[in-house]
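Quick notes on the structure that follows.
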Amino acid sequence: TTRFRSARTLLLRTSMGLVCRCPVPWRALHSAGAQGSGLGFWSSARSRAGPSPAWSQQQRSVSSGGGEKEVMLRHLPGKHAGIAEILMHRVRARNALGRVFVKELFDALEGLRHDNSVRVVIIKSELKGVFCSGADLKERAQMSNEEVGHFVQGLRRLMSEIAALPMPTIAALDGHALGGGLELALACDLRVAASSAKMGLIETTRGLLPGAGGSQRLPRLIGLGLAKELIFTGRQVDGEEALSIGLVNHSVAQNETGDAAYLKTIALAEEIALQAPVAVRMAKHAINKGIEVDIASGMSVEGLCYAQVIPTKDRLEGMVSFAEKRLPQFTGE
C-alpha cells in the first residue's frame with residue numbers, strides 16, 4: 001500500500017493497482033487503522049512476515065519445543081475446506097495461559113495471518129468441560145513484579161493479534177471460559193457457547209482487573225453498565241444468560257459428547273466459508289475500524305474497503321451466478 005497525503009485527501013494505492021480517494025483528515029483514518037489491521041491498508045505486517053507457509057499436512061504442531069504440544073493448527077479437508085482450527089490441549093493446567101501455551105498461540109496466528117486459503121478460523125478446546133481457565137497462577141507466582149507486567153503485556157498483544165486476523169474467527173465454548181479465557185473468546189469475532197458453559201471476568205476476585213483486553217472489549221460488546229457490573233463483581237454467567245446479554249451469538253444445549261457448541265460453530269463456519277472471501281474480509285475490516293471513529297470517517301473506511309472488492313473476480317461471479325440462477329462459486333480472487 002502506498003500512501004499519498006494532502007490537506008484534504010488521502011490516496012491509497014492498493015495492491016490491486018487501485019487508487020482510492022478518501023476525503024477525510026489523515027489523522028482520523030490513521031487512528032482507525034494504524035493498529036493491527038492485518039489487511040494492508042495501514043499496516044506493513046504482510047511485508048515483514050513474508051509469504052504464506054506451504055501446508056503439507058492437514059494438521060501440524062506450531063510448537064518449536066519438545067514434549068507434548070499445547071496448541072495445534074488444523075486445516076479441515078473436504079467439504080470443510082477453508083476452515084482452520086486452533087486446538088488448545090494443555091491437559092494438566094486446563095488450557096491455562098502459561099508461557100509455552102501463549103508462545104504456541106502466537107505461532108499459530110503467524111501461520112494463519114497470510115494464508116489466503118483460510119476463510120474462517122475456529123478456536124476450540126480439546127479438553128472436555130473447559131475452554132480456557134485463564135491465567136496460570138502457579139506459573140505467575142514464580143514471576144517478579146516486572147516479569148508479570150511484561151507477560152500480561154504480551155497477553156494483551158496476543159488478544160489484539162487474534163482480533164486483527166483478517167478472516168472471521170469463532171470461539172467454540174463447550175466449557176468454562178474464565179478470566180483470560182473469556183478475554184480470548186472476546187478477541188474473536190463470534191462466540192458460540194454450550195448452555196452449561198460458565199463465562200466470567202473473575203480477576204477482581206483474585207485482587208486483579210482484566211489485563212488482556214477484557215475491560216475494553218466487554219463494554220464494547222454488551223454495554224458499559226452491564227460490563228462494569230460483571231467486572232466489579234467477578235460474576236460468572238452460563239451460556240443462556242450470555243446469549244441474553246449479547247455476550248455470545250448462539251447458545252446450545254450440551255450433548256453427551258460435550259461438543260454441542262463446536263458442532264454449531266462448524267455449521268456457522270461453513271455458512272461463512274461459502275461467501276466471497278475478499279468481501280467477508282473487507283466487511284470485517286470496515287466494521288472493526290469504522291466502529292472506532294465517527295460516522296463520517298467510518299463511511300470513508302467503508303468506501304476504501306468497498307473499493308478493494310470492485311475489481312475482484314468474485315464480484316463478477318456474484319452477478320453472473322445471480323443472472324444464471326445458480327449458486328456462486330467464489331475463489332477469493
Side-chain angles (χ1 to χ4, degrees), residues 36 61-73 86-110 123-165 169 171-188 191 193 197-219 221 227-237 242 247:
S61 166
V62 296
S63 173
S64 58
E68 187 179 52
K69 309 307 178 186
E70 298 181 359
V71 175
M72 287 183 291
L73 185 59
I86 294 177
L87 309 173
M88 302 183 293
H89 189 73
R90 192 181 181 199
V91 179
R92 289 169 296 187
R94 298 172 61 81
N95 290 338
L97 297 166
R99 284 191 176 98
V100 173
F101 187 87
V102 168
K103 178 193 177 299
E104 292 181 12
L105 273 174
F106 269 120
D107 291 343
L109 297 176
E110 187 61 31
I123 300 181
K124 69 180 294 282
S125 170
E126 293 288 89
L127 309 183
K128 191 171 183 178
V130 61
F131 176 73
C132 174
S133 60
D136 186 335
L137 296 181
K138 291 182 179 178
E139 187 177 277
R140 192 77 60 85
Q142 306 303 315
M143 298 180 186
S144 67
N145 290 345
E146 183 178 4
E147 288 173 330
V148 169
H150 285 305
F151 186 76
V152 173
Q153 185 177 6
L155 288 180
R156 201 173 297 121
R157 185 167 64 88
L158 173 67
M159 305 311 172
S160 294
E161 291 202 10
I162 292 172
L165 282 174
T169 54
L173 306 170
D174 271 306
H176 295 356
L178 303 175
L182 181 55
E183 290 178 301
L184 184 90
L186 287 170
C188 295
R191 285 152 294 282
K198 294 292 185 179
M199 290 154 272
L201 295 178
I202 61 172
E203 285 86 350
T204 56
T205 69
R206 303 292 188 268
L208 298 166
L209 75 154
S215 69
Q216 303 305 304
R217 291 192 173 92
L218 187 63
L221 186 64
K228 285 182 175 179
E229 179 180 338
L230 292 180
I231 290 173
F232 294 168
T233 62
R235 184 187 311 146
Q236 299 177 32
V237 298
L247 179 55

Closest non-hydrogen atom pair, [X] against [Y]:
X    : Y    : answer
A177 : F131 : CB-CD2, 3.8 Å
S215 : P210 : N-CB, 3.7 Å
C188 : R191 : O-NH1, 2.8 Å
T169 : L165 : CG2-CD1, 3.8 Å

Can you tell me how far apart [atom1] ([X]) and [atom2] ([Y]) are? Round to the nearest 0.5 Å.
X    : Y    : atom1 : atom2 : value
L186 : M159 : CG    : CE    : 9.5 Å
M88  : E70  : CE    : CD    : 11.5 Å
L97  : E183 : CG    : CD    : 8.5 Å
S125 : I86  : OG    : CD1   : 13.0 Å
L127 : R94  : CG    : CZ    : 8.0 Å
L109 : L158 : CG    : CG    : 6.0 Å

For the residue pair [X] and [Y], establish whether any side-chain heavy-atom pair is separated by less than 4.5 Å.
X    : Y    : value
M143 : H150 : no
L230 : L247 : no
V130 : L178 : no
K103 : R99  : no

I'd like to check the side-chain contact (heavy atoms from CB on, under 4.5 Å) partners of R156; sequence neighbours left out, ordered by chain and number.
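Residues passing side-chain contact (heavy atoms from CB on, under 4.5 Å) with R156: V152, Q153.
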
Quick one: salt bridge (Lys or Arg N to Asp or Glu O under 4.0 Å) pairs with a partner in residues 134-149, sequence neighbours left out?
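Non-adjacent pairs meeting salt bridge (Lys or Arg N to Asp or Glu O under 4.0 Å): R90-D136.
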
Without placing hydrogens or testing angles, list every side-chain donor-acceptor pair under 3.5 Å for residues 198-206, not counting sequence neighbours.
{"unit_1": "T204", "atom_1": "OG1", "unit_2": "I231", "atom_2": "O", "d": "3.0"}
{"unit_1": "T205", "atom_1": "OG1", "unit_2": "I202", "atom_2": "O", "d": "2.5"}

Judged by atom type as modelled, is there a donor-acceptor pair below 3.5 Å linking the side chain of R235 to the main-chain atoms of E229?
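No, the answer is negative, given that no donor and acceptor are paired below the 3.5 Å cut-off.
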
Taking only Lys NZ, Arg NE, NH1 and NH2, and the carboxylate oxygens of Asp or Glu, determine whether K69 and E104 approach each other closer than 4.0 Å.
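Salt bridge: no.
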
Apply the side chain to side chain contact (heavy atoms under 4.5 Å, CB included) test between I123 and each candidate in L173, L87, I162; give the one that qualifies.
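Passing option: I162.
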
